[in-house]
J.: 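This structure is in structure tokens; I'll ask about it shortly.
All values reported here derive from a predicted model rather than from experimental measurement. In what follows, every chain begins at residue 1, and chains take the letters A, B, ... in the order their sequences are listed.
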2 protein chains.
Amino acid sequence: MANHMGFQAPTHDHKRCVSSALENAEEKSRVLGLRFTKTRRKVLEVLWQSHNPLGAYEILDRLQKDGRRPAPMVVYRALDFLLEAGLAHKISSCKTFIGCSTPDENHEAQFLICESCGSAAEVAGQPLAEALEKTAASAGFKINQRVVEIIGVCPNCQA
Amino acid sequence: MANHMGFQAPTHDHKRCVSSALENAEEKSRVLGLRFTKTRRKVLEVLWQSHNPLGAYEILDRLQKDGRRPAPMVVYRALDFLLEAGLAHKISSCKTFIGCSTPDENHEAQFLICESCGSAAEVAGQPLAEALEKTAASAGFKINQRVVEIIGVCPNCQA
DNA sequence: ACATAAAACGTTATGATATAACAATACATA
DNA sequence: TATGTATTGTTATATCATAACGTTTTATGT
Ligand SMILES: [Zn+2]
Ligand SMILES: [Zn+2]
Ligand SMILES: [Zn+2]
Ligand SMILES: [Zn+2]
């Protein structure tokens, strides 16, 4: 079962987001024969502590609580796996990482990022993807990868 | 007069791109009362040496040829000015900078970036901007800033 | 169960990108 | 020319990311 897209209400049951994300990851790894190891699981857990994207060194800080702080490589390697497996995304413009809310199928994510509360939400890509495709086609350009990061204010912070 | 959008043919007269970009910058600075100083001009010249975005330290390398290599701050400060003035853009996903090809009016740029030759082209934002707006609106999100960077293969490199 | 090879991990070191802070200089304008 | 403001020069440091290599764990064939 996939998590929802879009921004979650402040009152939502976030434990469900977490457990669902981890179950999805287990399941996807099992199906694809990927090794969802302890470190990788822990990093994904940390990413899902909130809907706010985290920098690699913030992730390190939070891993530290379970003992001594690991070296940066540990986190970057785990992140490489999670990105590769489609279980997390990188947000280039903020140099941060976030758990994928719809890991069922691999996809490139398009994000809305709130500059007030720091949360980020994936948005459905289809209409956007078409607009990108059209734009590229008219320039004779062949798309391989899309980076779409929209910065602004989320509905929760507007209220 | 504005430079063109889209990818330039390999045979195009690039000297015109350069002179036009610098003239535009002079003019815009004059009109807005900005100080288009020697360093800022030199950095913009370096950015316009090609249609390929450059990292800050690549820019430094190229400034070096006119004497000793300045400190990174020099380039980052000049870039801050150029970005602020709408004379250049940052491409987050590549950590690079490129001269703006349509500096007449301030705008956020959307880029096509060729992973084969490294060149990048601004594309007309209107249809895309509408798609983004629609997507955001349906999530109740208020847009302040857009990052759209499409990676793929340019028409020149497909031929 | 055992041997073997591949994958993942731990650790140290280093590279690449970006900013802070402050003194010195150039510039606008009164 | 005097005065305040913007820009520059310089040193140091913060932040983000990867290289390299030896050890441990895991999967697989015998
Ligand atoms: Zn949640
Ligand atoms: Zn918010
Ligand atoms: Zn040109
Ligand atoms: Zn190309």
J.: Rounded to whole angstrom units, what separation is found between the CZ atom of R77(A) and the P atom of dA7(C)?
T.: 14 Å
J.: Ignoring backbone atoms, establish whether T39(A) has a side-chain N or O less than 4.0 Å from OP1 or OP2 of dC9(C).
T.: yes
J.: In whole Å, what is the span from the OH atom of Y57(A) to the C1' atom of dA17(D)?
T.: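 So the two atoms are 6 Å apart, to the nearest Å.
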J.: Confirm from the modelled atom types if R68(A) and dG10(C) form a donor-acceptor pair under 3.5 Å, side chain to base only.
T.: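 No, no donor-acceptor pair under 3.5 Å.
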J.: Any sub-3.5 Å donor-acceptor pair from E149(A)'s side-chain atoms to F111(A)'s backbone N or O?
T.: no
J.: Among the nucleotides dA17(D), dG9(D), dA18(C), which one has an atom lying closest to any side-chain atom of V74(B)?
T.: dG9(D)
J.: Whole angstroms only, please: what is the CG-P distance between D80(B) and dT17(C)?
T.: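 In whole Å, dT17(C) P and D80(B) CG are 17 Å from each other.
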J.: Rounded to whole angstrom units, what separation is found between the CG atom of L60(B) and the C1' atom of dT19(C)?
T.: 14 Å
J.: If only atom types and distance count, is the side chain of K28(B) paired as donor or acceptor with the main-chain N or O of P103(B) below 3.5 Å?
T.: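 Confirmed, K28(B) side chain pairs with P103(B) backbone.
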J.: Closest-nucleotide mapping onto DNA chain D: is P72(B) or R35(B) further toward the 5' terminus? I mean the 5' end.
T.: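 Comparing both residues, the 5'-ward one is R35(B).
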J.: Mind calculating the distance between CZ (F36(B)) and C1' (dA6(D)) to the nearest angstrom?
T.: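 Answer to the nearest Å: 17 Å.
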J.: Tell me: NZ of K38(B) to C1' of dG9(D), nearest whole Å?
T.: 16 Å
J.: Quick check: do C100(B) and H107(B) have side-chain heavy atoms less than 4.5 Å from each other?
T.: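 Yes, their side chains come closer than 4.5 Å.
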J.: Is any side-chain N or O of T37(A) closer than 4.0 Å to OP1 or OP2 of dT25(D)?
T.: no
J.: With a 3.5 Å cut-off and heavy atoms only, can you find an N or O donor on one side and an acceptor on the other between the side chain of Y76(A) and the base of dA19(D)?
T.: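 Answer no: no donor N or O sits under 3.5 Å from an acceptor.
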J.: Rounding to an integer number of Å, can you tell me how far M73(A) CE sits from dA20(D) C1'?
T.: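 So the CE-C1' distance, M73(A) to dA20(D), works out to 10 Å.
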J.: Rounded to the nearest angstrom, tell me the gap between atom CZ in R40(B) and atom C1' in dT8(D).
T.: 10 Å
J.: So, R146(B) side chain and A129(B) main chain: donor-acceptor pair closer than 3.5 Å or not?
T.: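 No; judged by distance alone, with no hydrogens or angles, the pair does not exist.
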